[in-house]
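Written below as structure tokens is the structure these notes are about.
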Amino acid sequence: MAINGVKGFNDILPGEVEKWQHIEATARRVFELYGLSEIRIPILESTELFSRSIGDATDIVEKEMYSFVDKGGNKVTMRPEGTASVMRAFIEHKIHAKDPVARLYYLGPMFRYERPQKGRYRQFHQIGAELTGVAAPTVDAHVLTMLTQFFAELGLAEPSLQINSLGCPACRPVYREALKGFLLGRIELLCEDCVRRYETNPLRALDCKSPGCQEATKGAPSMLDYLCTDCSDHFAKTRNFLDLAGTGYSINERMVRGLDYYTRTTFEMVTGLLGSQSAVAAGGRYDGLISELGGPQLPGIGFAIGVERVALLLAEKDFSRRPELFIATMGEKAHAEAFRLMVELQRRGLSVELDYEGKSLKSQMRRADKFKSRFTLIIGEDELGRGTAPLKDMDGGTQVEVALDAALILKQVKG
RNA sequence: GUGGAUAUGGUGAAGCGGUAAACACAAACGACUGUGACUCGUUCAUACGUGGGUUCGAUCCCCACUAUCCACCCCA
């Protein structure tokens, strides 16, 4: 009996992986344009890191973490997200001592124990960015502009940017009470879950999909009306800078984030193309997180992109690579010469294919066609004798005679 | 954790209670007599998710299990 992969853990096979490489390369290029540096963080962290940062009462921590006790008796968890790890590293290595303004990005697998479905897996991948040490709204707008550019460079019209402000520890509790007061009168309309969350997280009712909750929250007070002067000012300036950058967005005052650490600006890149997984990227400001984790009082802002979801949006595009040259041979001597040429050309940076076995010419030509090779060089006894061989342009079908010399072939192919 | 759907070859799939499991694509090889994409030929599921049961006989009926997908919850 063959062994299967673990539920929710997927292989990314050749054919699909080229798309991933393209997404990752695009992210690296765009993010580095905006001054970020890559940071590589481990997959395993102390369980406490996540319970403290993400929030004890969140679903992620309550029921979705891959946690276990290692052989040394330590409680560890396979990271369910990247922000906490990056902030831990930031604090642990005292990166702030050198420069409190750190601009970092990371990419890699995350793990959450959930039932898999479209665009959601137990091992999934995120590309994330974290910027620390800047409270100014300029950075909010800049991060959002960078994210927008990332999607634009992938050629995606979807998703679109939505923003909101969640306020700060000064104004959010006030709003929370106001909202609770509003919902109290309509509590019988709320779904079970929202009733249960009424005390712990009443804001969730705002973006609950149940018709009852949508009805109940009609006309609910908006967080935006309760922002304190500083938060309100921050939000207004963020919007101004977004306008200056020409970055399009819409305000979604009902957007709520699932992690506890968010403050002020929050955002999502949403799409209607992925069924119930509408968020392709999401993030926000977390001005209290670093100190909460034992670091200095520094603000931060970041986001994570769901790579699987981006790949789904890129579904129809073909990213497969094609070799530049295929060498077809007849006879052992020609095969040996072709091998020598292939290696020589590869050393010079040309992608070359050669049939390893001595198959028929027909078969080799078919293979060249299957690989969609741009050119095919055909070498037999005659060619060996005269020192030149036909180089066929597979797209046009024309062929020219070239000398069996790596430099000259290279010139002809690259020409 | 809950609900629904589906399980036939590499893929898309037809199929009926009863002896070679259609068709198409892909793939391999070959023909067209040293050159691919067209055409033609050959090959390609002792097997229809797994385990039971009903039956003279099941891939098609029943039960259980498992897996996958989708949805809920929550989220990237």
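Chain letters run A, B, ... following the sequence lines, proteins first, then strands; residues in each count from 1.
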What contact category does A:Ser373 fall into here, base, sugar-phosphate, or nothing, at under 4.0 angstrom with non-hydrogen atoms? nothing
Partner of B:C69 by Watson-Crick or G-U wobble geometry, both contacts under 3.5 Å, or none? B:G4
Is B:A27 paired to anything, Watson-Crick or G-U wobble with both distances less than 3.5 Å, and if yes, which nucleotide? B:U43
With a 4.0 Å limit, can you tell me whether A:Thr376 has a side-chain N or O closer than that to the phosphate oxygens OP1/OP2 of B:U35? no
Answer with base, sugar-phosphate or nothing: what part of the nucleic acid does A:Ala368 contact at a heavy-atom distance below 4.0 Å? nothing
Under-4.0 Å side-chain N/O to phosphate OP1/OP2 contact, A:Gln117 with B:A71: yes
Has A:Lys359 got a side-chain N or O lying under 4.0 Å from the OP1 or OP2 atom of B:C29? yes
Which of these passes ring pair (Phe, Tyr, Trp, His ring centres under 6.0 Å) with A:His142: A:Phe241, A:Tyr34, A:Phe31? A:Tyr34
Does the A:Thr77 side chain pair with the main chain of A:Glu45, one donor and one acceptor, at a distance under 3.5 Å? no
Looking at the base of B:G1, is there any donor atom on it, or on the side chain of A:Lys63, that sits under 3.5 Å from an acceptor on the other one? no
Indicate whether OP1 or OP2 belonging to B:A37 is found under 4.0 Å from a side-chain N or O atom of A:Arg366. yes
In Watson-Crick or G-U wobble terms, both distances under 3.5 Å, what is the partner of B:U35? none
In whole Å, measure the gap between the C1' atoms of B:U6 and B:U59 for me. 16 Å
Determine whether a donor-acceptor pair (one donor, one acceptor, N or O, separation below 3.5 Å) exists between the side chain of A:Gln364 and the base of B:U35. no
Determine the contact category for A:Lys118: base if any of its heavy atoms lies under 4.0 Å from a base atom, sugar-phosphate if only primed atoms, P, OP1 or OP2 are that close, otherwise nothing. sugar-phosphate
Taking only Lys NZ, Arg NE, NH1 and NH2, and the carboxylate oxygens of Asp or Glu, determine whether A:Arg29 and A:Glu32 approach each other closer than 4.0 Å. no
Can you identify which nucleotide, out of B:U35, B:G36, B:U2, has its nearest atom closest to the A:Asp369 side chain? B:G36
For atom C1', what is the distance between B:U39 and B:G9, given to the nearest Å? 26 Å
Applying the 3.5 Å cut-off to both distances, the Watson-Crick or G-U partner of B:C75 turns out to be none
Do A:Arg122's NZ or CZ and the ring of A:Tyr113 fall within the cation-pi criteria of under 6.0 Å and 45°? yes
Interatomic distance where CZ belongs to A:Arg367 and P belongs to B:G34 [whole Å]: 22 Å
Short side-chain N/O contact from A:Ser360 to OP1 or OP2 of B:G30, under 4.0 Å: yes
Is A:Arg309 side chain donor-acceptor paired with the B:C75 base, going by distance under 3.5 Å alone? yes
Strand partner of B:C61, provided both Watson-Crick or wobble distances fall under 3.5 Å: B:G53
For the atom pair CD (A:Gln364) and CZ (A:Phe326), what is the distance rounded to the nearest 0.5 Å? 5.5 Å
Once hydrogens and angles are ignored, does a donor-acceptor distance under 3.5 Å link the base of B:G34 to the side chain of A:Glu381? no
Counting heavy atoms from C-beta on, name the nucleotide in B:U2, B:G34, B:C69 closest to the side chain of A:Glu383. B:G34
When all nucleic acid strands are considered with a 4.0 Å heavy-atom cut-off, which category describes A:Gly283: base, sugar-phosphate, or nothing? nothing
Between B:C75 atom P and A:Phe303 atom CZ, what is the distance in whole Å? 19 Å
Base, sugar-phosphate alone, or nothing: which one does A:Gly128 contact when heavy atoms must sit under 4.0 Å apart? nothing
Nearest to the A:Lys370 side chain among B:A28, B:G36, B:A71, which nucleotide is it? B:A28
For a quick check of understanding: with a heavy-atom distance under 4.0 Å over all strands, which category does A:Glu64 fall into, base, sugar-phosphate or nothing? sugar-phosphate
